[in-house]
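Letters A, B, ... are given to chains in the order of the sequence lines, protein chains preceding strands, and every chain is numbered from 1.
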There are 2 protein chains.
Amino acid sequence: MAGPKRAQESLQEIGYRLTPQRMMILAAIQESGHVSADEIYEKVREEYAFMDIATVYRTLALLKKLHLVTETDLGGAATRYELSAEPHHHLVCRDCGATTPLDNDLFEPLRLTLKERFGFAAELEHLPVFGVCSLCASQAKRSERRRSGARAGTAS
Amino acid sequence: MAGPKRAQESLQEIGYRLTPQRMMILAAIQESGHVSADEIYEKVREEYAFMDIATVYRTLALLKKLHLVTETDLGGAATRYELSAEPHHHLVCRDCGATTPLDNDLFEPLRLTLKERFGFAAELEHLPVFGVCSLCASQAKRSERRRSGARAGTAS
DNA sequence: CTTGGTGCAAAACTTTTGCACGGAG
DNA sequence: CTCCGTGCAAAAGTTTTGCACCAAG
């Protein structure tokens with residue numbers, strides 16, 4: 001895990017200011033793992049009521065440009081962000097919404113194949129893999145009820 | 001490739017009406033491959049000026065539910081749709097935006113690994129793999145100028 | 001002084017929803 | 001007649017942008 005410390009240093013090294021807002025945003029991302037812009041916004045507002053959603057987006061755009069955070073679009077709802085770290089991926093359960101981190105090694109064979117066969121330089125930094133986790137697969141059999149509370153699991 | 005013919009038959013078999021609008025939408029998807037809802041809308045409007053964007057979305061939702069089209073979120077911009085076919089994937093070049101179809105076999109080893117190691121039933125129906133195609137990789141060296149309209153990039 | 005970063009407000013964009021009408025079954 | 005599907009309009013949600021101000025360099 002690359003702590004926000006490193007991200008903060010990187011920011012300053014390249015000549016960007018390390019403002020309180022940016023520190024709070026980085027901290028919020030670190031604490032929560034995968035977060036949407038709005039979740040960051042709400043979280044930071046708990047301690048700093050004047051935080052603006054536009055600042056969140058602008059900061060995220062900056063961090064993204066500097067490769068300090070990665071952006072993952074989980075389809076449909078809002079884009080989620082995470083501190084950059086070693087390339088890794090996530091299993092995303094479409095039922096309970098839980099995300100399981102996934103080592104990058106699993107994707108190396110695929111990446112090599114794409115490079116050899118197509119000359120395609122795949123950027124497999126942070127891929128969401130949708131599906132149904134083992135827990136939900138077994139629960140689905142006994143309880144047909146769910147569909148409701150599958151929003152912000154994010155136990156990364 | 002499953003032509004729209006089959007999709008149309010499927011619609012009727014299950015008891016849905018095969019309206020002109022739905023036919024035009026299916027035709028538009030087939031002609032263009034990956035298309036956004038808005039592109040479908042514009043395309044159909046060339047021959048039928050009263051087409052409504054809501055109808056496009058409602059039709060897409062229906063076709064999606066019936067697994068007649070697949071939905072692919074390329075991050076950031078609008079979701080894209082495609083006629084269902086054999087499970088397959090796409091290489092998406094973040095520079096030129098070109099998409100190259102990719103056989104599902106390449107992903108089978110990964111799917112099996114996820115199943116064995118995590119008990120996770122991955123739904124690898126239609127995965128976009130971002131990166132840089134061989135063409136753009138070589139062109140990037142001589143011409144540094146990028147095209148500006150492509151929102152396809154920056155997906156981590 | 002000059003510039004970067006913020007807060008506020010409004011816009012832009014994609015997608016969804018309410019409502020009434022018309023045609024198909 | 002009873003619904004399904006449509007067109008129109010408005011709403012909802014996410015992300016971007018214009019503008020003025022403040023503070024840092």
Figure out the CG/C1' separation between A:Leu18 and D:dG25, and round it to whole Å.
15 Å
From CD1 of A:Ile25 over to C1' of C:dG7, roughly how many Å is that when rounded to an integer?
12 Å
Any side-chain heavy-atom pair of A:Leu18 and A:Met23 under 4.5 Å:
yes
Does the ring centre of A:Tyr81 sit less than 6.0 Å away from the ring centre of A:His34?
no
Does A:Ile40 reach the side chain of A:Tyr57, with side-chain heavy atoms less than 4.5 Å apart?
no
Think A:Ser36 has a side-chain N or O under 4.0 angstrom from the OP1 or OP2 of D:dT14?
no
If you compare every side-chain N and O of B:Tyr57 against the phosphate oxygens of C:dT15 (OP1, OP2), does one of them come in below 4.0 Å?
yes
D:dG25 P sits how many Å from A:Arg17 CZ, rounded?
6 Å
Below 3.5 Å between N/O atoms, which protein atoms pair up with nucleotides 6-12 of chain D? Just atom names and distances, please.
unit_1 : atom_1 : unit_2  : atom_2 : d
D:dT6  : OP1    : B:Thr19 : OG1    : 2.7
D:dT6  : O3'    : B:Gln21 : NE2    : 2.9
D:dG7  : OP1    : B:Gln21 : NE2    : 3.0
D:dG7  : OP1    : B:Tyr48 : OH     : 2.2
D:dG7  : OP2    : B:Thr55 : OG1    : 3.0
D:dG7  : N7     : B:Arg58 : NH2    : 3.0
D:dG7  : O6     : B:Arg58 : NH1    : 3.4
D:dG7  : O6     : B:Arg58 : NH2    : 3.2

Between B:Leu114 and B:Ala122 the two heavy atoms that sit nearest each other are CD1-CB, 3.9 Å
Once you round it to whole Å, what is the distance between C1' of C:dT6 and CZ of A:Arg45?
15 Å
Rounded to whole Å, how long is the line connecting atom NZ of A:Lys65 with atom P of C:dG4?
11 Å
Spacing of NE2 belonging to A:His89 relative to CG belonging to A:Asp103, to within rounding of 0.5 Å
8.0 Å
Between B:Leu62 and B:Tyr16, what is the shortest heavy-atom contact and its length?
CD1-CE2, 3.6 Å
When rounded to whole Å, the CG to C1' distance for the pair B:Leu66 and D:dC4 reads 14 Å
Assess whether a salt bridge exists between A:Glu71 and A:Arg80, defined as any Lys/Arg side-chain N lying under 4.0 Å from an Asp/Glu carboxylate O.
no
I need the CD1-C1' distance between A:Ile14 and C:dG4, as an integer number of Å.
15 Å
A:Tyr16 or B:Ala61: which one's nearest nucleotide on DNA chain C is closer to the 5' end?
A:Tyr16
In this structure, how many angstroms lie between the P atom of D:dT14 and the CD atom of A:Glu39, rounded?
10 Å
